[in-house]
Amino acid sequence: MEPLYKPQGVEERWQRTWEEEGLYGAEPGSGRETFVIAHPPPNVTGALHTGHALQISLADVLVRWHRMRGFETAFLTGYDHAGISTQNAVEKHLVEQGTSREAVGRERFVEIVWDWLRQYGGTIMGQFRRLGASMDYRRERFTMDDAYIRAVMRFFVHLYGKGWIYRANRIINWCPHHQTSLSDLELVHEEVDDALTHVRYPFSDDPEDGVTIATARPATILADVAVAVNPGDERWRGAVGREVVIPFVERTVPVIEDERVDPDFGTGALKVTPGHDPLDFELGRDHQLPELTVIGPDGRMNEAAGELAGLSQEEAEERVLAWIKERGLLVKREAYRHSIALCERCKSRIEPLISLQWWCRMDELKQPALAALKEGRVRYHPESQHRYAIDSLENAPDWNISRQIWWGHQLPVWECPDGHLTVEETEPGTCAECGSAGLTRSEDVLDTWFSSALWPFAILGWPEQTAELEAWCPGTLNTTAREIIRLWENRMIFSGLELMGEVPFRHVIIHTTVLAADGRRMSKSLGTGLDPLELIDRHGADATRYGLLKLSSSQDVRFSEGAIEEGRKLANKLWNVSRLILANVGEAKPEQRPQALEERWIAWRLDQAQAQLGEHFGAFDFSPAMSALYHVTFDDFCDWYAEAIKPRLYGGDEDAQATALANLERLLKLLHPAMPHVTEEIWSNLPGRETRLIVAPWPEPLGAAAEAAEFEPIRTAAEVFRRAGVRPTLDEEQQRIFDAVVKPDRAKVDGGNVEAEVERLRGEIQRAEQMLANERFVQNAPGEVVEAEREKLERYRRELDALAS
RNA sequence: GGGCGUGUAGCUCAGCGGGAGAGCGCCCGCUUCACACGCGGGAGGUCCCUGGUUCAAUCCCAGGCACGCCCACCA
């Protein structure tokens with residue numbers, strides 16, 4: 001064995017072995033307690049990023065821990081068809097080949113997508129494997145599998161049957177590039193430098209006077225149908241009820257009043273354009289105003305724009321402004337910085353357009369989910385995210401679920417020549433209403449999140465009553481990033497409750513967002529992304545897992561490679577202490593024979609570490625769990641225990657050898673969930689080892705807690721061993737130095753300088769005496785606090801006496 | 001405009017009513033027989049500011065300053 005641990009090669013070998021030996025596999029119905037994670041399906045065209053890597057590390061450490069603890073673990077995975085992303089990728093590919101989506105037509109395009117996915121898709125699962133994710137890859141599912149499609153159709157028809165899915169003409173977010181509607185959640189907002197134009201709209205009966213409005217989009221003036229002011233706005237009191245003339249189109253429209261107009265913005269007068277602005281749309285509906293549209297789905301001026309038809313909005317704006325200026329109606333034009341909505345994928349400016357779309361009503365659908373959240377039947381961690389999730393759900397607006405793209409779940413909606421709609425899971429022969437034939441299917445597809453909402457149970461076979469569904473639903477937990485709460489987590493919860501009367505999982509871990517080292521968001525387009533595969537290549541999967549878990553926290557953290565390096569060092573340290581033990585155990589078999597002080601001490605420390613690990617994993621606190629592993633390995637196991645037993649190992653003391661092997665086994669087990677590869681590799685080198693560590697039973701505590709009384713008051717390893725005179729590998733001078741060390745403790749004992757320790761103890765005694773002399777403290781503090789203080793005082797006095805003698 | 005959160009050692013972060021900590025970095029000394037991805041020693045901090053509560057505050061409360069994220073229809 002080389003002194004330097006090299007993960008390359010070792011890790012791939014174990015990943016292959018574990019999978020080939022079926023150790024990742026899960027089978028329902030073992031009767032054992034279950035631990036189930038339906039891992040978020042990555043985009044089928046996606047590549048591993050740091051968020052995935054963290055998410056997998058979190059989930060896998062819990063999965064492996066539970067597997068060792070004897071749970072029936074199902075770590076399930078698969079792909080999302082990712083409608084818009086995938087369509088984009090394939091369209092780009094077509095353009096490179098000199099053709100286009102439109103040229104090949106819908107049917108052929110969908111075939112091409114499938115071919116393309118077979119060729120280029122699905123690479124990410126190999127990357128999951130490279131991290132050591134112990135998923136049941138045999139059960140991989142895809143959101144476009146036949147069975148999955150049936151589940152999605154069932155869901156739609158069910159909601160439609162309850163009257164919770166409906167079609168309506170409303171203003172929606174339109175992406176001119178993708179030529180589809182988008183939900184609010186698929187937008188990003190960006191600040192831009194723009195201009196705010198103040199224009200006077202003359203009164204029809206007094207062209208010299210009028211109402212001055214302010215607009216950032218003069219091109220939409222053509223679609224104005226009213227001017228609105230706030231009812232409390234004195235400035236415009238006289239204008240209400242009169243009519244003004246819209247510039248350029250010279251149409252006469254009323255001046256109305258509405259509470260929603262902000263008197264403090266601009267001039268306090270709002271031009272109302274229901275066709276091209278969400279607020280105006282609502283005003284228009286409430287005041288029964290006409291809805292005019294002058295911008296088309298391509299983002300350019302349409303036929304209704306008359307002589308401006310076909311122009312870009314910028315060109316149209318110039319023409320309108322020129323017209324206004326000529327007639328002296330331009331009051332002013334000022335620099336204006338505001339935020340605009342962009343498509344999150346292509347960054348095109350979102351065009352608010354009126355469009356006939358399908359909607360999912362949320363008011364009733366969300367109620368059981370709200371109740372489940374409030375009652376804690378599903379729990380978000382950390383707690384702050386639980387409150388946010390409830391809040392988001394309470395405020396969830398109706399959901400636009402239709403998209404005008406080609407790749408996705410086509411709506412199960414058929415229209416007959418008379419315009420009647422038939423909604424069924426499979427194609428109906430005739431119209432449900434009039435019985436006529438010749439039905440045509442809706443061209444729209446469903447929002448990808450509509451199908452994702454079924455993930456944790458659709459992959460188990462729902463709506464069929466399968467053994468998997470029976471055994472693994474509700475699952476245990478789901479891990480995800482904060483921004484996915486509304487898009488996915490809440491939707492899975494209400495879907496599960498609606499369709500099965502059951503929550504789909506019990507816990508949701510909202511994990512840290514890992515930012516780039518400079519504090520910016522990791523993003524491919526910013527160039528701040530970080531390739532986890534590169535980290536794995538350089539430091540190993542174990543180190544990468546350890547590092548990401550160490551970084552994870554309750555807040556966002558900046559990436560620092562130091563954390564990964566710490567993991568690499570830990571793997572190396574473990575490797576080397578194993579070499580020490582394996583090279584010096586002779587024929588011994590692992591067995592606990594704790595006799596010497598150092599053996600009783602390390603048993604106690606391993607118990608403590610194991611208990612801490614359980615607490616931290618149980619609370620989903622990964623960073624302190626990693627710290628505990630690091631310190632028990634470096635400080636306790638290597639620095640003190642291994643050093644202390646060296647002479648006995650070398651001297652052929654069989655008790656020491658057998659116990660060392662047993663302790664090493666325990667340490668490997670504790671480390672395995674976080675660092676599976678290096679621990680399995682060492683495990684395979686232990687004498688007479690036939691089973692795999694991945695399925696080895698989690699150790700029973702040695703019950704060494706009873707020993708705690710012996711060690712607890714002494715507080716530090718250094719003191720334990722100083723008193724016992726153990727550290728025999730060192731010569732006298734080194735012994736003196738070592739004796740002076742109190743490494744794992746903050747109390748600094750300079751053994752070569754007794755005065756300093758005496759000084760420290762005197763300080764402690766003085767502080768404790770002061771507190772105990774303080775009547776208010778003694779009277780008001782809880783009894784056990786005062787008692788603890790008394791005990792401390794006595795202990796300090798004893799230690800001082802011992803030191804003095 | 002709302003909501004949430006963060007300001008602790010040079011860096012990345014723990015701790016959260018009675019001792020100011022970890023890893024990395026830095027300085028000094030060690031080719032010690034598992035490991036220089038190591039061992040030992042050390043320097044380095046008005047725990048953002050100002051008030052308040054408390055016998056006691058980095059920790060609780062109020063205000064301020066500075067950052068970050070999310071939400072929102074300010075044309």
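Both backbone and side-chain heavy atoms feed into the values below; hydrogens, waters and symmetry mates do not. Throughout, a chain's letter reflects where its sequence line sits, starting with A, and its residues are numbered from 1.
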Please report the distance separating the [atom1] of [N] from the corresponding atom of [M], rounded so that it comes out in whole Å.
{"N": "B/rG25", "M": "B/rA36", "atom1": "P", "answer": "16 Å"}
{"N": "B/rC39", "M": "B/rG10", "atom1": "P", "answer": "25 Å"}
{"N": "B/rU50", "M": "B/rG38", "atom1": "C1'", "answer": "48 Å"}
{"N": "B/rG64", "M": "B/rC28", "atom1": "P", "answer": "48 Å"}
{"N": "B/rC61", "M": "B/rG45", "atom1": "C1'", "answer": "25 Å"}
{"N": "B/rC70", "M": "B/rC74", "atom1": "P", "answer": "16 Å"}
{"N": "B/rU58", "M": "B/rA9", "atom1": "C1'", "answer": "14 Å"}
{"N": "B/rC26", "M": "B/rG15", "atom1": "C1'", "answer": "24 Å"}

Does a side-chain N-to-carboxylate-O contact under 4.0 Å join [X] and [Y]?
{"X": "A/Asp286", "Y": "A/Arg260", "value": "yes"}
{"X": "A/Lys646", "Y": "A/Glu598", "value": "no"}
{"X": "A/Asp635", "Y": "A/Arg605", "value": "no"}

Kindly say whether [Y] contributes a backbone atom to a donor-acceptor pair with the side chain of [X] at under 3.5 angstrom?
{"X": "A/Asn572", "Y": "A/Arg568", "result": "no"}
{"X": "A/Glu566", "Y": "A/Gly547", "result": "no"}
{"X": "A/Asp621", "Y": "A/Pro624", "result": "no"}

Any cation-pi pair here, A/Arg491 with A/Trp399, using under 6.0 Å and within 45°?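 Yes, A/Arg491 and A/Trp399 form such a contact.
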Shortest side-chain distance from [X], nucleotide among [options]:
{"X": "A/Tyr336", "options": "B/rA22, B/rA34, B/rA75", "value": "B/rA75"}
{"X": "A/Tyr650", "options": "B/rU12, B/rA75, B/rA34", "value": "B/rA34"}
{"X": "A/Arg486", "options": "B/rC24, B/rC13, B/rC71", "value": "B/rC71"}

Tell me what A/Tyr388 touches on the nucleic acid: a base, only sugar-phosphate, or nothing, going by heavy atoms under 4.0 Å.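 Sugar-phosphate contact only.
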Scan A/Arg482 against the nucleic acid and name what it touches under 4.0 Å (heavy atoms): base, sugar-phosphate only, or nothing.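 The residue A/Arg482 makes sugar-phosphate contact but no base contact.
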Taking any strand in view, what nucleotide pairs with B/rG25 in a Watson-Crick or G-U wobble way, both distances under 3.5 Å?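 Base-paired to nothing in any strand shown.
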Does B/rA14 have a Watson-Crick or wobble partner in any strand here, with both distances under 3.5 angstrom, and which is it?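 Base partner found: none.
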Show each protein N/O and nucleotides 35-38 of chain B N/O combination with a separation under 3.5 Å, one pair to a line.
{"residue": "B/rC35", "atom": "O4'", "partner": "A/Asn576", "partner atom": "OD1", "Å": "3.1"}
{"residue": "B/rC35", "atom": "O2'", "partner": "A/Asn576", "partner atom": "ND2", "Å": "3.4"}
{"residue": "B/rC35", "atom": "O2", "partner": "A/Lys573", "partner atom": "NZ", "Å": "3.0"}
{"residue": "B/rC35", "atom": "N3", "partner": "A/Lys573", "partner atom": "NZ", "Å": "3.0"}
{"residue": "B/rC37", "atom": "O2'", "partner": "A/Asn572", "partner atom": "OD1", "Å": "3.2"}
{"residue": "B/rC37", "atom": "O2", "partner": "A/Arg568", "partner atom": "NE", "Å": "3.4"}
{"residue": "B/rG38", "atom": "O3'", "partner": "A/Lys573", "partner atom": "NZ", "Å": "3.0"}

Closest-nucleotide ordering on RNA chain B, the 5'-leading residue of A/Ser623 and A/Arg260: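 Here A/Ser623 is the residue nearer the 5' end.
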Would you mind building the protein contact string for nucleotides 1-8 of chain B? One character per nucleotide, 5' to 3', B for base within reach (heavy atoms under 4.0 Å), S for sugar-phosphate only, - for untouched. -----S--
Would you say A/Ser553 places a side-chain N or O within less than 4.0 Å of OP1 or OP2 belonging to B/rA14?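 Affirmative; the distance criterion is met.
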For salt bridge (charged side-chain N to carboxylate O under 4.0 Å, His left out), just list the numbers for A/Arg333 and A/Glu317, CA-CA rounded to whole Å, side-chain angles, deciding distance to a tenth of an Å, and then say yes or no. CA-CA 13 Å; A/Arg333 196 162 156 79; A/Glu317 181 173 322; 3.3 Å; yes
Given A/Gln385 and A/Glu489, is the side chain to side chain donor-acceptor pair (under 3.5 Å) satisfied, shown in steps? CA-CA 12 Å; A/Gln385 301 304 327; A/Glu489 298 294 340; over 6 Å; no
